[in-house]
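Working notes, structure below.
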Amino acid sequence: AEGCSDDAAVVVEMAGGPGSGKTQIAMQLAVNYSLRGLSTAFVDADASFSPNRCESMASGSLGNISVYRPFDELELVSLLHTLQGKHSLVVVDSVASLFRACEPSSSKARLVARTALLLSAIAQKQCVVVVTNQLTTSTDGRKVPALGETWSHVADHKYLVEKQDS
């Protein structure tokens, strides 16, 4: 994609609890790319994208940001196929939200794995893929990123985002 180098092809995961700032950071990244004239796809799986907030962050037009709102996990997979090779930045906010309603099953695990493979393939063509993820509690009581073991190997870089009390 325009403006990217081969060594920038990465998948970045930001995991955190509700209100920790994941969406705000994701929108700021989209704005930063847009202001540089680079094309961004913002996959709003959580329905939390605010065009007004982004416009105020950018102090103007967001012509380089395309927003997509998949209805379910199958639509997400289909959408990811269409995004390959079209944008410099692809943001998925929040990757786990569409899988929440799925009953645990082998088909859910296959869809999570398929999503992971597609995001990695997009990164190889797109340069940067950023996904936000929710936290869940593991069997031993620890807070861990959602989507389980299949998902845990997707990101090249992982960040835990926490809200600090002021």
Side-chain angles (χ1 to χ4, degrees), residues 1 3-5 7-36 38-58 62 64-70 73 76-77 79-80 83-84 86-102 111-138 142-166:
C4 294
S5 62
D7 61 346
V10 294
V11 177
V12 176
E13 177 184 41
M14 293 185 297
S20 62
K22 301 178 303 287
T23 298
Q24 181 72 22
I25 294 168
M27 287 193 303
Q28 185 65 59
L29 286 168
V31 166
N32 291 354
Y33 269 69
S34 178
L35 291 174
R36 290 175 46 209
L38 299 173
S39 176
T40 297
F42 196 102
V43 180
D44 186 18
D46 242 359
S48 56
F49 182 86
S50 169
N52 292 338
R53 188 164 42 160
C54 270
E55 283 179 3
S56 70
M57 292 164 68
L62 298 175
N64 295 320
I65 301 175
S66 300
V67 179
Y68 304 90
R69 286 200 170 114
E73 68 284 355
L76 173 64
V77 169
L79 172 63
L80 292 176
L83 295 179
Q84 293 188 48
K86 295 184 179 171
H87 301 282
S88 296
L89 172 68
V90 173
V91 175
V92 180
D93 180 40
S94 155
V95 71
S97 65
L98 295 175
F99 293 97
R100 245 184 304 192
C102 294
L111 280 171
V112 169
R114 182 78 181 139
T115 301
L117 287 171
L118 284 167
L119 291 170
S120 294
I122 290 171
Q124 293 306 311
K125 294 179 182 179
Q126 314 297 111
C127 303
V128 179
V129 173
V130 175
V131 294
T132 66
N133 197 354
Q134 300 158 353
L135 293 177
T136 189
T137 305
S138 68
R142 293 178 301 119
K143 292 286 187 183
V144 296
L147 298 180
E149 186 63 28
T150 303
W151 183 259
S152 66
H153 305 290
V154 174
D156 299 300
H157 303 283
K158 299 178 183 191
Y159 299 94
L160 178 61
V161 181
E162 295 179 315
K163 184 176 183 178
Q164 301 247 335
D165 294 329
S166 44

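These numbers were taken from a predicted model, which means no experiment stands behind them.
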Restricting to side chain to side chain contact (heavy atoms under 4.5 Å, CB included), what partner residues turn up for Ser138, sequence neighbours left out? Asp140, Arg142, Val144
Non-neighbouring partners of Phe49 that pass ring pair (Phe, Tyr, Trp, His ring centres under 6.0 Å), sequence neighbours left out: Phe42
Distance alone, cut at 3.5 Å: any donor-acceptor contact between the side chains of His87 and Ser39? yes
Is any side-chain heavy atom of Leu80 less than 4.5 Å from a side-chain heavy atom of Ile122? yes
With a 3.5 Å cut-off and sequence neighbours excluded, list the donor-acceptor pairs that the side chains of residues 9-30 form with protein atoms.
unit_1 : atom_1 : unit_2 : atom_2 : d
Glu13  : OE2    : Asn133 : ND2    : 2.8
Glu13  : OE2    : Trp151 : NE1    : 2.9
Ser20  : OG     : Gly17  : O      : 2.8
Lys22  : NZ     : Gly16  : O      : 2.9
Lys22  : NZ     : Gly17  : O      : 2.9
Thr23  : OG1    : Asp93  : OD1    : 3.2
Thr23  : OG1    : Asp93  : OD2    : 2.7
Gln24  : OE1    : Arg53  : NH1    : 2.8
Gln28  : NE2    : Asn32  : OD1    : 2.8

With sequence neighbours excluded, tell me which residues meet side chain to side chain donor-acceptor pair (under 3.5 Å) with Asp44. Arg69
Just so I know, are the side chains of Thr136 and Lys143 near enough to count as touching, which here means a heavy-atom distance under 4.5 Å? no
Hits for side chain to side chain donor-acceptor pair (under 3.5 Å) against His153, two or more places apart or cross-chain, chain-then-number order -> Glu149
Not counting sequence neighbours, list each pair that qualifies as a salt bridge (charged side-chain N to carboxylate O under 4.0 Å, His left out) and has a residue in residues 128-138. none
Crowding at NZ, Lys158 (>12 non-hydrogen neighbours, <6.0 Å): yes
Leu89 and Val130: side-chain contact (heavy atoms from CB on, under 4.5 Å), yes or no, with the steps? CA-CA 8 Å; Leu89 172 68; Val130 175; 3.9 Å; yes
Which atom of Ala146 lies closest to which atom of Ala96, heavy atoms considered: CB-CB, 3.8 Å
Looking only at non-hydrogen atoms, find the nearest pair between Asp46 and Ser94 and report the distance. OD2-CB, 3.6 Å
Would you confirm whether Ser34, through its side chain, and Ile65, through its main-chain N or O, come within 3.5 Å as a donor-acceptor pair? no
Side chains of residues 111-120: which donor-acceptor pairs under 3.5 Å do they make with residues two or more places apart or in other chains?
unit_1 : atom_1 : unit_2 : atom_2 : d
Arg114 : NH2    : His81  : NE2    : 3.0
Thr115 : OG1    : Leu111 : O      : 2.8
Ser120 : OG     : Ala116 : O      : 3.2

